[in-house]
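A short worksheet on the structure shown next.
Note on naming: letters A, B, ... go to the chains in the order of the sequence lines (proteins, then strands), and numbering restarts at 1 for each one.
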Protein chains: 2
Amino acid sequence: MTEKSSPTDPLHARGGSGATIADVAQAAGVSVATVSRALSGNYPVAKATRERIFRSVTDLGYVANAHARALAGATTRTVGIIINDVADPFFAYIARGVERQASAEGRMCLITATHGDKDRELALVDLMREQRTDAVILVGGASDDPRYRKQMADRARALAAAGSTLVLCGRPSLGTGVPTKMVTYDNEGGAFAITDYLISQGHRRILYVGGPRDFSTTASRLAGFYRALDARGIERDPSLVHEGAFGRGFGYSRMREILDQGMDFTAVFGANDLVAAGILEALEERGIRVPQDISVVGYDDVPVASELRPRLTTVRVPLEELGREAVRLALSQSPHDAGASSDNTLTVGTHIVIRDSVSPPKKP
Amino acid sequence: MTEKSSPTDPLHARGGSGATIADVAQAAGVSVATVSRALSGNYPVAKATRERIFRSVTDLGYVANAHARALAGATTRTVGIIINDVADPFFAYIARGVERQASAEGRMCLITATHGDKDRELALVDLMREQRTDAVILVGGASDDPRYRKQMADRARALAAAGSTLVLCGRPSLGTGVPTKMVTYDNEGGAFAITDYLISQGHRRILYVGGPRDFSTTASRLAGFYRALDARGIERDPSLVHEGAFGRGFGYSRMREILDQGMDFTAVFGANDLVAAGILEALEERGIRVPQDISVVGYDDVPVASELRPRLTTVRVPLEELGREAVRLALSQSPHDAGASSDNTLTVGTHIVIRDSVSPPKKP
DNA sequence: TTCTCCATAGTAAACGCTTACTATTTCTAG
DNA sequence: CTAGAAATAGTAAGCGTTTACTATGGAGAA
């Protein structure tokens with residue numbers, strides 16, 4: 001009876017749903033409990049028995065049913081990550097970090113995308129709760145809509161009540177007392193540093209382009225931008241700030257509009273590298289030289305930054321590291337509680353990387 | 001494990017692992033069956049009852065346990081995708097297509113990465129089998145090691161026996177009779193077309209750089225390359241073919257070596273856009289102008305291709321579409337059986353996109 | 001020799017949900 | 001009025017594992 005695995009049909013078996021632990025037990029002539037124990041190895045099983053069991057397992061091509069296992073109490077060994085878009089390098093690199101660290105810690109990784117839809121984000125958190133993931137990592141800036149914050153806070157509590165953890169990655173806290181962990185990067189500091197660099201090169205009229213309005217990432221970068229201006233005593237000029245979106249397309253089209261208006265400026269701060277790429281293209285199209293005529297900087301230091309010509313001066317964000325830390329923190333035993341305590345919130349630094357897209361402004 | 005509430009959390013204790021359907025039933029004063037039915041909506045439930053149930057659901061923050069649900073027979077509504085690397089744009093765009101189509105069809109998406117390790121790939125297929133995903137999509141070129149093929153074929157059969165489907169995306173068949181579905185792109189045709197384009201511009205000595213040896217993608221691209229050469233009666237010169245890897249780094253370093261050797265050629269075919277980017281950098285570093293001195297082409301038409309200067313002439317592969325089709329096919333009812341039949345294998349076309357990196361060779 | 005104590009193995013009770021059967025009502029048609 | 005068909009609910013049998021209890025030999029202790 002240990003012989004015939006299953007009566008496989010002509011070429012490929014029909015709807016049989018694969019071997020169960022009971023099949024293995026029968027094939028090996030032991031009880032299911034023994035099989036379970038041999039497989040998990042957390043209980044003594046005689047060597048001969050174990051070998052017989054493993055043989056049956058291979059013969060039958062048995063793999064445990066993860067759902068039954070999860071249901072019976074073992075943990076799911078899965079972490080969920082929610083990002084905007086799988087193909088956006090900013091998120092892709094964070095996802096890579098998450099995926100790598102998760103697999104290093106023996107976890108699977110459930111990756112989902114919101115396509116920038118807040119409600120979908122909320123729904124995805126619930127989906128992950130359904131999946132009983134060990135943690136859910138929420139990546140990227142967040143809307144500051146209070147209703148949204150409240151709803152997310154509820155989810156954080158529900159997750160915590162179920163023994164899981166909500167990790168905020170690169171976004172602001174949901175408020176004190178809400179059970180989350182956080183890993184962020186110094187968004188404001190990077191913006192300050194690169195703006196200050198521009199100023200140190202002699203720029204005074206700097207355009208800020210991109211990033212959705214009412215969005216935490218935009219707010220921080222803009223805060224750093226303004227702080228640098230203030231520190232050097234340069235007046236803020238609202239007409240120089242052009243919020244909108246994070247894509248390359250936005251950078252391109254908005255820059256064209258700006259150029260059409262004939263505004264007065266000597267440098268442009270792209271809200272991220274993609275926006276900067278679009279800006280560069282618009283400039284190139286008009287025959288404006290970078291950096292001789294206009295200087296341009298970006299943010300994130302995504303690979304494309306060094307492919308652009310001129311190579312883009314930008315702010316480096318350790319994206320992959322951010323992802324890794326998120327799962328480390330999530331899986332660590334530290335109690336979650338976003339607050340002032342440093343155990344459950346971690347900030348990684350940013351720094352500017354100087355390449356070829358900035359020079360002192362042209363003397364008029 | 002009902003008892004497992006951790007004593008760790010002073011602030012928001014209320015432990016317990018979340019509400020179950022029984023809690024909802026009790027709160028609403030009905031049986032669990034009724035709750036289940038109200039939730040799935042596949043059976044009549046009186047309006048008043050239903051409303052009471054939904055109220056309890058919200059009050060308790062209940063979400064179904066996906067594992068219990070899966071175990072009880074409902075499908076898992078999950079598709080798995082196995083790629084090399086989340087941050088590689090080639091894979092990222094395919095993953096985006098998969099993710100979008102899956103979510104359009106109400107599925108979650110389990111994304112995992114092999115980091116180029118064959119054994120890990122095999123293990124990941126098993127992991128997805130454990131998860132009972134509705135389908136597993138295997139993306140990217142494959143090794144042609146026969147042992148590996150046999151092992152993967154076994155897994156395809158096991159998956160089929162469990163009612164799931166293995167979809168091969170951009171890789172060759174596992175052999176006739178192995179139950180898989182396939183979606184591919186015209187790899188060889190694209191390589192032929194772009195090589196022919198180079199030849200039509202007057203190039204005769206064309207370097208081929210990149211792509212792992214003994215890898216299906218490399219084989220197809222090289223096949224197209226050779227076919228174009230043959231068609232125009234140009235002799236194949238083995239010294240012009242430099243296999244190796246797919247990364248940008250490989251393109252850069254190998255190109256430097258080639259330049260050091262002072263080989264004779266007028267154009268370079270990068271095995272993919274990333275390799276081409278590396279090649280471009282090596283060329284730029286030596287002050288060699290593209291396309292005036294040397295022409296360069298790539299493959300895939302990943303976004304970076306149009307950021308490079310000169311903009312890269314390359315072969316467009318509809319990556320996202322490939323991913324979408326993979327899940328469409330996977331979730332369709334067509335019987336899986338890779339063979340000549342067209343029902344279960346789909347090929348999307350490729351075409352060259354001409355930009356600025358090619359011109360006729362310099363007259364000596 | 002008899003009694004304990006391990007090393008092993010088996011039994012059966014969850015885990016949380018779906019769904020085939022049943023059991024009530026309430027209509028509707030005859 | 002009454003039989004039969006909805007419309008609604010409830011009961012309970014799984015689904016495939018894990019794991020707390022039990023059970024059974026022997027080995028070593030007394």
Mind listing the N/O atom pairs, protein and nucleotides 6-12 of chain C, below 3.5 Å?
residue : atom : partner : partner atom : Å
C:dA9   : OP1  : A:Thr49 : OG1          : 2.7
C:dA9   : OP2  : A:Ala46 : N            : 2.9
C:dA9   : N6   : A:Tyr43 : OH           : 2.7
C:dG10  : OP2  : A:Ser31 : N            : 2.9
C:dG10  : OP2  : A:Ser31 : OG           : 3.0
C:dG10  : OP2  : A:Thr34 : OG1          : 2.7
C:dG10  : N7   : A:Arg37 : NH2          : 2.6
C:dG10  : O6   : A:Arg37 : NH1          : 3.1
C:dG10  : O6   : A:Arg37 : NH2          : 2.9

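Comment: A:Glu121 does not engage A:Lys118 in a salt bridge, judged by the lack of any side-chain N to carboxylate O separation of less than 4.0 angstrom.
Here the side chain of A:Asp117 pairs no donor or acceptor atom with the backbone of A:Thr114 at under 3.5 angstrom.
Going from atom NE2 of A:His67 over to atom C1' of C:dT18 covers 15 Å, rounded to whole Å. The interatomic distance linking B:Arg69 (CZ) with C:dC15 (C1') rounds to 15 Å, in whole Å. Rounded to whole angstrom, the span from the CG atom of A:Leu71 across to the P atom of C:dG16 amounts to 7 Å. Regarding B:Leu39, its CG atom lies at a distance of 17 Å from the C1' atom of D:dT8, rounded to whole Å. C:dG16 atom P lies 15 Å from atom CD of A:Glu130, rounded to whole Å. Regarding B:Ile21, its CD1 atom lies at a distance of 5 Å from the P atom of C:dC17, rounded to whole Å. Put simply, CD1 on B:Ile53 is 12 Å from P on D:dT8, counting in whole angstrom units.
Counting non-hydrogen atoms under 4.0 angstrom, A:Asn42 reaches the backbone sugars and phosphates but no base. Counting any heavy atom pair closer than 4.0 Å across all strands shown, B:Ala70 reaches no nucleic acid atom.
Under the 4.5 Å side-chain criterion, counting only non-hydrogen atoms from C-beta, B:Val98 is not in contact with B:Val139. Residues B:Ile81 and B:Ile111 meet the side-chain proximity criterion, which asks for heavy atoms closer than 4.5 Å. The shortest distance between side-chain heavy atoms of A:Leu110 and A:Gln131 falls below 4.5 Å. Between B:Leu322 and B:Val183 there is a side-chain heavy-atom pair separated by less than 4.5 Å. Contact of the A:Asp134 side chain with the A:Thr76 side chain is registered, since non-hydrogen atoms from C-beta on lie closer than 4.5 Å. With contacts defined as side-chain heavy-atom distances shorter than 4.5 Å, the pair A:Glu105/A:Arg328 qualifies.
Applying the 4.0 Å criterion to OP1 and OP2 of D:dT18, one finds that A:Ser36 has a side-chain N or O inside that range.
The terminal axes of the helix from C:dT1-D:dA30 to C:dG30-D:dC1, fitted over 5 pairs per end, subtend an angle of 40° to the nearest 10°.
Among residue pairs with one or both ends in residues 34-58 of chain B, those qualifying as side-chain hydrogen bond (donor to acceptor under 3.5 Å, both in side chains) are B:Ser31-B:Thr34, B:Ser40-B:Asn42; sequence neighbours excluded.
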